[in-house]
Amino acid sequence: MTVNDYVVLPEGSVTTPNGFRAGGLHCGLKKTQRHDLGVIVCEVPAQAAGVYTLNQFQAAPLKVTQESIAAGGKLQVMLVNSGNANACTGKQGEDDARAMRSAAAKAFGVTDHLVGVTSTGVIGELLPMPKVLSGIEKLPAETRADGGDDFCQAILTTDLVKKEICVRLTVGGRTVHIAGAAKGSGMIHPNMATMLGFMTTDANIDSAMLQKLLNEVTDSTFNMITVDGDTSTNDMVVVMASGLSGNDSLTPEHPDWAAFAAAFTHVGEYLAKAIARDGEGATKLIEVTVAGAASRDAARAIAKTVIGSSLVKSACFGADANWGRIIAAVGRAGQPVNTETVDIRLGDISVLEQSRPVKFDEDRAAEYLKGELVQIHVDLNMGDAIATGWGCDLTYDYVRINAAYRT
């Protein structure tokens with residue numbers, strides 16, 4: 001599929017960019033035999049960038065990964081476990097995260113500061129380190145150029161499906177790939193990026209430029225999703241760039257910067273939407289676009305308030321075209337709103353114009369809301385700013401899943 005100047009590769013994965021391999025295995029953190037330990041490895045030290053949760057109880061592995069990237073702006077190994085978050089585990093948790101980093105460095109023959117570590121799962125439990133360290137020793141034998149699928153399986157918790165994408169484009173006459181994999185289904189409300197996300201590229205771009213681009217893309221993609229209003233202790237997105245495509249170094253002055261940034265954004269948006277669509281117990285993806293806002297920040301805040309509303313989410317689940325819940329969310333978002341000029345549509349069905357009810361076909365609206373994609377359009381008619389956010393409906397299954405998460 002071609003989108004603008006890039007092509008989406010249906011069979012692509014995080015190992016498609018030149019220089020990367022990946023893998024996963026079961027080391028005993030999960031009660032089932034599903035993979036729970038995974039790794040992405042680059043054949044050269046890769047330029048790296050990361051964004052991390054703003055939750056004040058930041059998990060130990062995130063601190064270790066930040067230390068690694070700060071040491072030189074590079075990573076060569078990215079290690080991840082699922083089934084245990086290693087969060088709120090005190091000094092022992094930090095020691096365990098560093099032990100994981102050292103073990104992975106030894107296993108793959110690199111220095112400690114070239115290894116990143118992250119974890120996902122239950123908060124407040126110490127890692128069973130003998131199992132983890134034994135698994136790390138076995139990882140090199142399970143790491144392959146076609147190991148992207150095993151890696152995706154290793155990062156899942158309550159996710160129902162793996163989330164991965166790869167695109168290809170041309171930069172300075174050279175073929176460049178950008179790929180990504182992510183996990184996330186519950187405890188999803190962005191205050192950085194609500195998930196674990198891993199992006200790889202063979203583009204030649206330095207760490208500072210990569211960080212700048214990741215920050216911008218995070219604000220418009222990963223930070224525009226919500227499932228349940230909870231920001232995790234472990235949220236992180238890391239990007240690794242091998243530089244093996246051989247293109248001239250990418251900067252905003254490069255003639256192909258815009259094309260690269262657009263492709264990078266597409267990968268981020270695809271992963272963000274995939275997480276929202278796979279929200280715990282979800283039956284549909286909800287897309288909220290707010291236009292005519294006084295500023296982009298206002299548009300984003302309002303969109304996130306609407307998609308985060310439990311009442312809006314419940315109405316979508318029940319196929320109830322209750323637009324009053326939408327306008328109530330708009331009004332409590334803490335942003336400038338002219339209460340006389342708001343328009344609201346459900347798909348192409350107008351339900352409110354200039355803040356006044358419009359007669360509409362309730363049966364047609366209900367049928368629309370039964371679909372797998374619900375698009376809500378809000379026009380404030382105050383300015384030119386626009387933003388889009390993504391979420392999911394709130395179902396009985398969400399309560400069932402989270403009422404017994406540890407059991």
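Only this structure's heavy atoms are used, side chains among them; waters, hydrogens and symmetry mates stay out. Nothing fancy with the numbering, it's 1 onward along the sequence.
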Exercise for the section: In sequence, state the C-alpha distance, the side-chain angles, and the governing distance for V358 and L352, and then conclude on side chain to side chain contact (heavy atoms under 4.5 Å, CB included). Expected result: CA-CA 5 Å; V358 174; L352 195 75; 5.6 Å; no

Practice task
Count the heavy atoms belonging to other residues, nucleotides or ligands that lie under 6.0 Å from CG of N215, then report whether that count exceeds 12.
Solution key: yes

Contact summary for [X] and [Y], nearest pair of heavy atoms:
{"X": "V374", "Y": "G371", "result": "CG2-O, 4.3 Å"}
{"X": "I178", "Y": "L169", "result": "CD1-CD2, 4.2 Å"}
{"X": "A85", "Y": "S119", "result": "O-CB, 3.4 Å"}
{"X": "A387", "Y": "R296", "result": "CB-O, 4.5 Å"}
{"X": "T305", "Y": "A301", "result": "OG1-O, 2.8 Å"}
{"X": "K162", "Y": "C152", "result": "CB-CB, 3.8 Å"}

Can you confirm whether [X] sits close enough to [Y] that some side-chain heavy atom of one is under 4.5 Å from a side-chain heavy atom of the other?
{"X": "L369", "Y": "F317", "value": "no"}
{"X": "H266", "Y": "V167", "value": "yes"}
{"X": "N81", "Y": "L127", "value": "yes"}
{"X": "V337", "Y": "V330", "value": "yes"}
{"X": "F108", "Y": "L139", "value": "yes"}
{"X": "F222", "Y": "V51", "value": "no"}
{"X": "R300", "Y": "S220", "value": "yes"}
{"X": "T16", "Y": "V14", "value": "no"}

Going by atom types alone, do [X] and [Y] pair a side-chain donor with an acceptor below 3.5 Å?
{"X": "N86", "Y": "T89", "answer": "yes"}
{"X": "T120", "Y": "K183", "answer": "yes"}
{"X": "D36", "Y": "S82", "answer": "no"}
{"X": "T388", "Y": "T289", "answer": "yes"}

Problem - Proximity of F260 and Y6 rings by center, below 6.0 Å - result: no

Check whether [X] reaches the backbone of [Y] with its side chain - one donor and one acceptor, N or O, closer than 3.5 Å.
{"X": "K284", "Y": "C316", "answer": "yes"}
{"X": "S309", "Y": "A329", "answer": "no"}
{"X": "R325", "Y": "L311", "answer": "yes"}
{"X": "S355", "Y": "T339", "answer": "yes"}
{"X": "Q47", "Y": "D206", "answer": "no"}
{"X": "S314", "Y": "S310", "answer": "yes"}
{"X": "N322", "Y": "A315", "answer": "no"}
{"X": "T265", "Y": "V217", "answer": "no"}

Exercise for the section: State whether K212 and E216 are salt-bridged, where the test is any N-O pair (Lys NZ or Arg NE/NH1/NH2 against Asp/Glu carboxylate O) under 4.0 Å. Expected result: yes

Handout entry: Ionic contact status for R144 with D150, cut-off 4.0 Å
Key = yes

Exercise for the section: For the pair N381 and N338, evaluate side chain to side chain contact (heavy atoms under 4.5 Å, CB included) and give the outcome as yes or no after the intermediate values. Expected result: CA-CA 8 Å; N381 292 297; N338 184 337; over 6 Å; no

For residues 236-246, tabulate all N or O donor-acceptor pairs below 3.5 Å that involve a side-chain atom, not counting sequence neighbours.
| from | atom 1 | to | atom 2 | distance (Å) |
| --- | --- | --- | --- | --- |
| S242 | OG | N18 | O | 2.8 |
| S242 | OG | L244 | N | 3.2 |
| S245 | OG | D202 | O | 2.9 |
| S245 | OG | N247 | OD1 | 2.5 |

Problem - Verdict with reasoning, T143 to I40, per side chain to side chain contact (heavy atoms under 4.5 Å, CB included) - result: CA-CA 8 Å; T143 305; I40 298 174; over 6 Å; no

Rounded to the nearest 0.5 Å, what's the gap from [atom1] on [X] to [atom2] on [Y]? Could you check?
{"X": "H26", "Y": "Q153", "atom1": "NE2", "atom2": "CD", "value": "14.0 Å"}
{"X": "H35", "Y": "Q33", "atom1": "NE2", "atom2": "CD", "value": "10.5 Å"}
{"X": "I376", "Y": "I344", "atom1": "CD1", "atom2": "CD1", "value": "8.5 Å"}
{"X": "R364", "Y": "L346", "atom1": "CZ", "atom2": "CG", "value": "10.0 Å"}
{"X": "L29", "Y": "N84", "atom1": "CG", "atom2": "CG", "value": "6.5 Å"}
{"X": "I225", "Y": "I307", "atom1": "CD1", "atom2": "CD1", "value": "8.0 Å"}

Handout entry: Residues which pass side-chain contact (heavy atoms from CB on, under 4.5 Å) with T111, listed by chain and number, not counting sequence neighbours
Key = H113, L114

Problem - Candidate pair V288 and W390, rule side chain to side chain contact (heavy atoms under 4.5 Å, CB included), full reasoning - result: CA-CA 6 Å; V288 177; W390 300 275; over 6 Å; no

Taking distance alone, no hydrogens or angles, what donor-acceptor pairs closer than 3.5 Å link side-chain atoms of residues 57-79 to residues at least two apart or in another chain?
| from | atom 1 | to | atom 2 | distance (Å) |
| --- | --- | --- | --- | --- |
| Q58 | OE1 | Q66 | NE2 | 2.7 |
| Q58 | NE2 | T53 | O | 3.1 |
| K63 | NZ | E94 | OE2 | 3.4 |
| T65 | OG1 | P61 | O | 3.1 |
| T65 | OG1 | V117 | N | 2.8 |
| T65 | OG1 | V117 | O | 2.5 |
| Q66 | NE2 | L62 | O | 3.2 |
| E67 | OE1 | R98 | NH2 | 3.3 |
| E67 | OE2 | R98 | NH2 | 2.5 |
| S68 | OG | V64 | O | 3.3 |
| S68 | OG | R101 | NH1 | 3.0 |
| S68 | OG | V115 | O | 2.7 |
| Q76 | NE2 | C42 | O | 3.2 |
| Q76 | NE2 | E43 | O | 3.4 |

